Amino acid sequence: MARARTYPVEAVVLQRTRMGESDLALTLLCDDGQQRRAVAKGARKPQGRLAGRVQLFSETRFLMARGRSLDVVAEATLKDPHTAVTASPDGVEAASAVCEVARHTSFEDAGDPFLYALLRRTLRAVGEALEADGPRDGLGPRTGLVVAAYTFKVTSHQGWRPATEACVECGDPSPTWFSAAAGGALCESCARGVAGAAFGGSTGAAWVGSLVGLTFDELLRAPVDRATSDWLLEQAHLWAATQLDARLRAFEFLLGL
């Protein structure tokens with residue numbers, strides 16, 4: 001039986017890349033949890049049929065036409081453009097880091113609908129965090145917390161869950177350090193032998209565990225200061241870069257590295 005020439009799909013636009021003079025190559029996380037690449041012909045033309053309909057970070061309903069190498073966007077309808085995110089530079093930077101991690105944790109021909117649901121909720125949470133943080137100089141603590149939470153949640157779902165309740169080396173129940181290379185929490189004694197271990201105090205490892213276990217609603221209600229949020233964001237970046245064996249440039253930009 002011949003394959004249908006077109007098919008519908010809902011997706012978040014993770015990345016847009018210029019392709020020729022007028023087209024865009026899209027990287028999508030679809031509602032079935034698969035990552036797909038597609039071409040939006042003429043999407044770079046201001047008056048083009050798809051102009052404004054394949055926005056970065058948007059949730060979009062697509063009708064795709066089958067192609068030889070890449071499928072082609074036949075129709076696109078914005079479902080949620082996440083304007084609360086795209087309206088501010090901090091929102092764009094946060095969403096860029098989130099979607100960069102999403103690209104490294106989703107795959108073609110390996111569907112996992114949880115990934116799509118988690119990403120959608122995270123983008124909404126970024127918008128909610130921006131509002132809660134209000135205007136400020138630099139990334140707000142709740143916005144940073146959301147990015148860190150997504151990173152630890154999605155990598156934990158993929159099998160890279162950090163140990164947070166005790167030192168991974170000796171089992172000390174009161175760890176005060178954290179290391180991506182070691183796999184999680186460390187006591188002060190064991191941390192001395194681990195290059196790059198970061199001091200998190202008595203609450204650092206517990207915070208990492210909370211990022212994995214709590215909902216975004218719960219995290220957005222939790223009191224958090226800028227220093228704690230920044231520390232968690234740094235550890236999330238190191239965790240993802242280490243476990244995914246990837247350089248995360250958008251995440252580095254967010255951190256000012």
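Just so we're clear, the structure is a prediction, and the values are computed from it rather than from any experiment.
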Query raised in the report: Distance from Phe253 atom CZ to Leu248 atom CG, nearest 0.5 Å?
Result: 15.0 Å
Requested in this report: Decide yes or no for Cys187 and Ser174: does some side-chain heavy atom of the first lie under 4.5 Å from some side-chain heavy atom of the second?
Outcome: no
Query raised in the report: Is Lys79 close enough and on-axis enough to Phe62, meaning under 6.0 Å and within 45°, for cation-pi?
Result: no
Query - Side chains of Thr122 and Val146 in contact at under 4.5 Å (non-hydrogen atoms) - result: yes
Report summary line: Separation between OG (Ser179) and CD (Glu169), nearest 0.5 Å, reads 8.5 Å
Query raised in the report: If you measure from CG on Leu255 to CD on Glu93, what distance do you get to the nearest 0.5 Å?
Result: 10.0 Å
Report task. Examine Phe178 and Val212 and state if one hydrophobic cluster contains both, with Ile, Leu, Val, Met, Phe, Trp and Tyr joined whenever side-chain heavy atoms are less than 4.5 Å apart. Result -> yes
Report task. For atom CZ of Arg136, decide whether the heavy atoms of other residues, nucleotides or ligands shown that lie under 6.0 angstrom number more than 12. Result -> yes
Report task. Could you tell me which non-hydrogen atom of Thr164 sits nearest to which non-hydrogen atom of Ala205, and how far apart they are? Result -> CB-O, 3.3 Å
Query raised in the report: Are the side chains of Thr60 and Thr77 in touch, meaning some heavy atoms are under 4.5 Å apart?
Result: no
Report task. For Thr215 and Glu218, indicate whether the former's side chain and the latter's backbone hold a donor-acceptor pair under 3.5 Å. Result -> yes
Report summary line: Val168 meets the side-chain contact (heavy atoms from CB on, under 4.5 Å) criterion, sequence neighbours left out, with Ala163, Ala182, Leu186
Report task. With sequence neighbours excluded, tell me which residues meet side-chain contact (heavy atoms from CB on, under 4.5 Å) with Ser88. Result -> Asp90, Leu130
Name every donor-acceptor pair, under 3.5 Å, that has one atom in a side chain of residues 220-227 and the other anywhere in the protein, sequence neighbours excluded.
residue: Asp225; atom: OD1; partner: Ala227; partner atom: N; Å: 3.1
residue: Asp225; atom: OD1; partner: Thr228; partner atom: N; Å: 2.7
residue: Asp225; atom: OD1; partner: Thr228; partner atom: OG1; Å: 2.9
residue: Asp225; atom: OD2; partner: Thr228; partner atom: OG1; Å: 3.3
residue: Arg226; atom: NE; partner: Leu139; partner atom: O; Å: 3.3
residue: Arg226; atom: NE; partner: Asp230; partner atom: OD1; Å: 3.4
residue: Arg226; atom: NE; partner: Asp230; partner atom: OD2; Å: 3.3

Query raised in the report: Once you round to the nearest 0.5 Å, how far does CG of Leu14 lie from CG of Leu29?
Result: 5.5 Å
Query raised in the report: Stepwise, does the side chain to side chain contact (heavy atoms under 4.5 Å, CB included) test hold for Lys153 with Leu118?
Result: CA-CA 9 Å; Lys153 284 179 185 295; Leu118 178 61; 4.1 Å; yes
Scan the side chains in residues 19-28 for donor-acceptor partners under 3.5 Å anywhere in the protein, sequence neighbours excluded, and list what turns up.
residue: Asp23; atom: OD1; partner: Gly42; partner atom: N; Å: 2.7
residue: Thr27; atom: OG1; partner: Arg37; partner atom: NH1; Å: 3.3

**Report entry** Transitive ILVMFWY side-chain link Trp177 to Leu238, under 4.5 Å
**Finding:** no
Query raised in the report: Under 4.5 Å between side-chain heavy atoms, hopping through other hydrophobics if needed: is there a path connecting Val194 to Val208?
Result: no
Report task. Begin with the C-alpha distance, continue with both residues' side-chain angles, and end with the deciding distance and a verdict on side chain to side chain contact (heavy atoms under 4.5 Å, CB included) for Leu219 and Leu211. Result -> CA-CA 7 Å; Leu219 288 169; Leu211 295 187; 3.9 Å; yes
**Report entry** Inter-residue atom distance Thr86.OG1 - Leu56.CG, 0.5 Å rounding
**Finding:** 9.0 Å
Report summary line: The complete set of ring-ring contact (aromatic ring centres under 6.0 Å, His included) pairs with one or both residues in residues 94-133, sequence neighbours excluded, reads Phe114-His157
Report task. Using a cut-off of 6.0 Å, state whether more than 12 heavy atoms not belonging to Glu252 lie near its atom CD. Result -> yes
Report task. Grab the two heavy atoms, one from Cys167 and one from Cys170, that are nearest each other, plus how far apart they are. Result -> SG-N, 3.5 Å
Query - salt bridge (Lys or Arg N to Asp or Glu O under 4.0 Å): pairs with one or both residues in residues 102-126, sequence neighbours excluded - result: Glu59-Arg120, Arg121-Glu128, Arg121-Asp217
Query raised in the report: So, Trp239 side chain and Trp160 main chain: donor-acceptor pair closer than 3.5 Å or not?
Result: yes
Query raised in the report: Counting only N and O atoms by type, is there a donor-acceptor contact under 3.5 Å from the side chain of Ser58 to the main-chain atoms of Pro81?
Result: no
Query raised in the report: If every non-hydrogen atom of Ala166 is compared with every non-hydrogen atom of Gly171, which pair is closest and at what distance?
Result: CB-O, 3.6 Å
Report task. Find the distance between CG (Asp133) and OG1 (Thr143) and round it off to the nearest 0.5 Å. Result -> 4.0 Å
Query raised in the report: Can you find a heavy atom in the side chain of Thr155 that is under 4.5 Å from one in the side chain of Gln158?
Result: no
Requested in this report: Mind listing the closest non-hydrogen atom pair of Ser156 and Arg161 along with its distance?
Outcome: OG-CA, 3.5 Å
Report task. For the residue pair Leu119 and Tyr150, establish whether any side-chain heavy-atom pair is separated by less than 4.5 Å. Result -> yes
Requested in this report: Go through the steps to decide whether Gln235 and Trp207 satisfy the test side chain to side chain contact (heavy atoms under 4.5 Å, CB included), and finish with yes or no.
Outcome: CA-CA 11 Å; Gln235 302 318 305; Trp207 257 114; over 6 Å; no
**Report entry** Pair His82 + Phe57: ring centers closer than 6.0 Å
**Finding:** no
Query raised in the report: For the residue pair Thr151 and Val147, what are the closest heavy atoms and their distance?
Result: OG1-O, 2.9 Å
Query raised in the report: Passes salt bridge (charged side-chain N to carboxylate O under 4.0 Å, His left out), Arg53 versus Glu75? Steps please.
Result: CA-CA 9 Å; Arg53 297 189 182 186; Glu75 297 178 13; over 6 Å; no
Query raised in the report: After noting the C-alpha distance and the side-chain angles of Val9 and Asp31, does the key distance pass the side chain to side chain contact (heavy atoms under 4.5 Å, CB included) rule?
Result: CA-CA 7 Å; Val9 67; Asp31 52 1; 3.6 Å; yes
Query raised in the report: Looking at Ser229 and Pro141, what are the two nearest heavy atoms and their distance?
Result: OG-O, 2.7 Å
Report task. Determine whether Leu145 and Leu232 make a side-chain contact, defined as any pair of heavy atoms from C-beta on separated by less than 4.5 Å. Result -> yes
**Report entry** Option from Phe251, Phe152, Trp231 for which ring pair (Phe, Tyr, Trp, His ring centres under 6.0 Å) with His237 holds
**Finding:** Phe251
Query - Co-membership, hydrophobic cluster, residues Val73 and Val39, 4.5 Å side-chain - result: no
Query raised in the report: Do Leu78 and Arg61 come within less than 4.5 Å of each other through their side chains, counting heavy atoms only?
Result: no
